Amino acid sequence: MKTKTHHHNANGYASESSGSNSPSPPPSPRRQYSSFNHSRRRVRSKCQSTLAGGIIFRRKLRYLLVLPLLYVSGLLMCVGPFSALVGLSSPPGSVYRSRETFQRLWPDIQFDNSTAIQLSSVWGHKPQRRLKEQKPCPNSTAQQQQESLGSVGYLIVEANGGLNQQRSAICNAVAVAGLLNAILVIPRFEFHNVWRDPSKFGDIYDEDHFIAALDGYVKVVKELPESLMERYDNNITNIHSLRVQAWASVGYYMGEVYPVLMRLGVIRIAPFANRLAMNVPPHIQHLRCLVNYEALRFSSPISALAKKLVNRMIEKSSRTGGKYVSVHLRFEEDMVAFSCCLYGGGEAEKIEMDSIREKGWRLKFKQKGRVILPGLNRIQGKCPLTPLEVGLMLRGMGFDNNTSIYLASGKIYQAEKHLAPLLKMFPYLHTKESLASSEELAPFEGYSSRLAALDYTVCLFSEIFVTTQGGNFPHFLMGHRRFLYGGHAKTIKPDKRKLVLLLQDKDTSSWKGFKDEMQAMLAESDRKGSIVPRVKKFNRKSSVYTYPFPECRCLQKPQNTGIGSNMHL
C-alpha cells in the first residue's frame with residue numbers, strides 16, 4: 001500500500017507568507033493506519049515543525065543582527081572619515097564650524113548693540129498654570145513611629161558623583177530612612193577619579209544644621225555607636241552592603257530592604273544615586289523637600305565666600321541695575337572627552353580626547369560594539385556648547401555687550417583659545433577666579449565640589465540662568481530657583497539641535513536672520529520654562545528636584561520674589 005509523504009520543502013512554508021512561523025499541519029492519517037504508525041507520524045510532524053520554526057527564528061535573528069550593523073555603517077559613511085574618501089558631504093550640523101560663522105558675522109555683531117531684553121522686566125512672565133493655594137506641611141509619621149516603636153536600625157549610604165548628584169543621594173537617603181524608620185548616619189561621599197574630591201559631608205554642608213533641621217522627622221547621627229562598630233572590627237566596609245536597583249519603589253524597600261535591616265540592625269547601600277522612585281507617599285516626598293530647601297545649607301567657609309561673590313557680581317552689574325546673567329558652561333576637558341565630540345582640532349584633538357577617556361573611564365569607551373560618532377552626537381544635541389557658541393546665541397537673543405555675565409565652570413578646555421570670542425562679545429564677563437582673590441580661593445583649590453558650590457550660589461541669585469548641557473547641576477538649580485521665586489525663574493535652555501544647524505550653515509550670512517531665529521528660540525524656551533507639570537497623587541513622573549511644586553510649596557517663605565531676598569541660604 002502506498003502512503004502519501006509530506007515534504008516541507010515542497011510546501012515552501014506557505015504559512016510563512018501569511019505571517020505565521022509554523023508550517024501547515026499534515027492531513028489526518030487514513031483509517032487503516034495503526035495507532036502505532038499514527039503516533040510516529042505525529043512525533044515526526046512535531047519535530048519537523050519545531051525544526052522549521054528554529055530555522056526561521058535563526059533567519060530573523062540574523063536579520064536583526066545585520067540591520068543595526070548596516071545602520072551604523074551608514075552613519076560612519078556619512079559622519080566619519082569615509083565620507084571624505086568617497087566625496088560625500090557631511091550631514092548638516094555634524095561638523096563644528098562655529099568659528100568660521102563667528103568670523104563671518106562678527107562685523108555685523110560688532111556694530112549691533114541694540115538690546116531686545118530689559119533685565120529688570122524678565123520676572124513679568126507668569127506660569128501658564130496658577131499654583132494651588134498653599135497648604136500646611138504634612139505631619140511626620142516617622143516621628144510617631146519612632147516614639148511608639150523605636151527605630152529598627154541604622155542606615156549608611158555612600159553618595160557618588162559630583163556635588164548635585166550627591167545632593168540627590170542625600171535627599172533620597174533621608175526619605176529612605178523615614179520610610180524604613182531607620183536612624184541615618186551622615187552620608188559618606190565616594191571618591192571618584194574624575195572629580196577627585198576627597199571632601200566629606202561637613203566640608204560642604206553644615207552638619208549640625210542638617211541634624212537639627214531634621215529633628216522630629218528623621219534621626220541623624222554623625223557616627224555609628226562604638227559598640228556597633230566593634231562588632232564589625234571598626235571597619236564600616238565590613239557592614240553588610242545591599243545593591244539596590246535604580247529608582248526602587250516603596251514596595252521594593254519594604255519587601256526587600258526592610259527585613260534585612262530588621263535582622264541585622266545596620267545596613268549599607270552603596271552606591272546610592274537615584275535609588276528611590278519619584279512616586280512616594282506625601283510624607284516621604286515632604287522629607288525630600290525638607291532636606292533640599294531647609295536642611296542642606298552650605299558650610300560656613302563656602303557660604304561666606306559665596307555671599308561675597310554674589311555681592312561683588314551685583315556691584316559689577318551697575319550698568320544693568322545690579323542684575324546679571326549666569327551661564328553654566330560644561331566645557332571642561334573631562335566633559336568634552338566624555339561627550340565624544342570634536343571641535344575642529346583635527347587628529348591631534350582626537351588623540352588627546354582618546355587619552356583623557358582612557359585615563360578617566362578606562363575601558364568604558366572601548367567596549368565591544370561601541371562606536372564613537374562625534375558628528376551624530378552633535379546633530380542630536382549632545383555636544384557641550386563652546387563659549388563662542390554661547391556668546392553668539394546670547395547676542396542673537398538680544399543681550400547687548402553691556403550685559404554682565406557670570407560664567408560657572410570648571411577649568412575650561414583650551415581656555416585661551418575658546419574664551420577669546422566670548423570676551424569680544426561680552427567684555428563684562430566674570431568668574432569666581434576674577435571676582436575673588438587667590439588668597440580667598442586657596443582653601444577651595446583642588447576641591448571640585450566646594451568650587452561647584454560657589455558657582456551654584458552665584459547662579460542661584462542671578463536674574464537669568466542659562467544652561468548649556470544637561471546634568472544634575474542645572475536640574476537642581478532650576479528647581480531651587482523656582483522654589484525661591486514663586487514658581488517661576490527665567491531659565492534659557494537652548495534647542496541645540498536647531499542651533500548646530502544654524503551655526504554650520506554657510507548661508508547664515510545674515511545677522512538679522514540669525515537674530516530672528518535666536519529670538520524665536522528664546523520665546524520657545526520661555527514657554528517651556530513656564531510650564532508647571534500636573535502632579536497627581538502617587539503618580540509623579542517628573543523630578544521633584546526640578547519641579548518642586550506642589551509638594552514643596554508649604555515650605556516657601558512669604559514674598560520670595562526678586563534677587564537677593566534669600567541670601568541667608
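What you see is a predicted model; the values in this text were computed from it and never measured. Note: hydrogens, waters and symmetry copies are ignored here, and every other heavy atom, side chains too, is used. Residues take their numbers from the sequence shown, with the count starting at 1.
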Exercise. Using the benzene-type ring in the case of Trp, are the ring centres of F331 and H418 under 6.0 Å apart?
Worked result: yes
Exercise. Do other residues, nucleotides or ligands put more than 12 heavy atoms under 6.0 Å from E445 CD?
Worked result: yes
Exercise. Using 30° and 60° as the class limits, which term best fits the ring planes of F473 and F465: parallel, tilted or perpendicular?
Worked result: tilted
For this session: Check side-chain hydrogen bond (donor to acceptor under 3.5 Å, both in side chains) between K417 and all other residues, then give those that pass, not counting sequence neighbours.
Result: none
Exercise. Looking at OH of Y205 and CD1 of I302, how far apart are the two atoms once the value is rounded to the nearest 0.5 Å?
Worked result: 8.0 Å
Problem set entry | Within 45° cone of Y485 ring axis and under 6.0 Å: R481 NZ or CZ | no
Problem set entry | Under the side-chain hydrogen bond (donor to acceptor under 3.5 Å, both in side chains) test, residues paired with D112 that sit two or more places apart | S114, W511, K515
Exercise. Nearest heavy-atom pair of S542 and M278: which atoms, and what distance?
Worked result: O-CG, 3.7 Å
For this session: Apply salt bridge (Lys or Arg N to Asp or Glu O under 4.0 Å) to R319 and list each qualifying residue two or more places apart in sequence or on a separate chain.
Result: none
Problem set entry | By side-chain hydrogen bond (donor to acceptor under 3.5 Å, both in side chains) - contacts of E524 (at least two apart) | R527
Problem set entry | Q110/K424 under side chain to side chain donor-acceptor pair (under 3.5 Å): CA gap, chis, key distance, verdict | CA-CA 9 Å; Q110 194 172 12; K424 275 187 175 183; over 6 Å; no
Seminar exercise, completed: Those residues at least two apart in sequence (or on a different chain) that pass salt bridge (Lys or Arg N to Asp or Glu O under 4.0 Å) with R288 are none
For this session: Taking the six-membered ring for Trp and the full ring for Phe, Tyr or His, determine whether the centres of H430 and Y406 are under 6.0 Å apart.
Result: no
Exercise. Between Q504 and T101, is any pair of side-chain heavy atoms under 4.5 Å apart?
Worked result: no
Seminar exercise, completed: Minimal heavy-atom distance between P548 and T546, with the atoms involved, is CD-O, 3.5 Å
For this session: Answer yes or no: is there an ion pair linking E352 with K350, defined by an N-O contact shorter than 4.0 Å?
Result: no
Exercise. If you measure from the Lys or Arg side-chain nitrogens to the Asp or Glu carboxylate oxygens, is any gap between R97 and E389 under 4.0 Å?
Worked result: no
Exercise. Any Lys/Arg nitrogen of D354 or R357 sitting under 4.0 Å from an Asp/Glu carboxylate oxygen of the other?
Worked result: yes
Exercise. According to the disulfide bond (SG atoms under 2.5 Å apart) rule, which pairs have a member within residues 340-371, sequence neighbours left out?
Worked result: C341-C383
Exercise. Hey, is NZ on K316 packed in by over 12 heavy atoms from elsewhere, all under 6.0 Å?
Worked result: no
For this session: Work out which heavy atom in G391 is nearest to a heavy atom in M425; give both atom names and the distance.
Result: C-SD, 3.5 Å
Exercise. Of all heavy-atom pairs between T386 and L329, which one has the smallest distance, and what is that distance?
Worked result: C-CD1, 4.3 Å
For this session: Search all heavy atoms of I204 against all heavy atoms of S449 and return the closest pair with its distance.
Result: CD1-CB, 3.6 Å
Problem set entry | Between CD on residue E440 and CG on residue L454, distance to nearest 0.5 Å | 10.5 Å
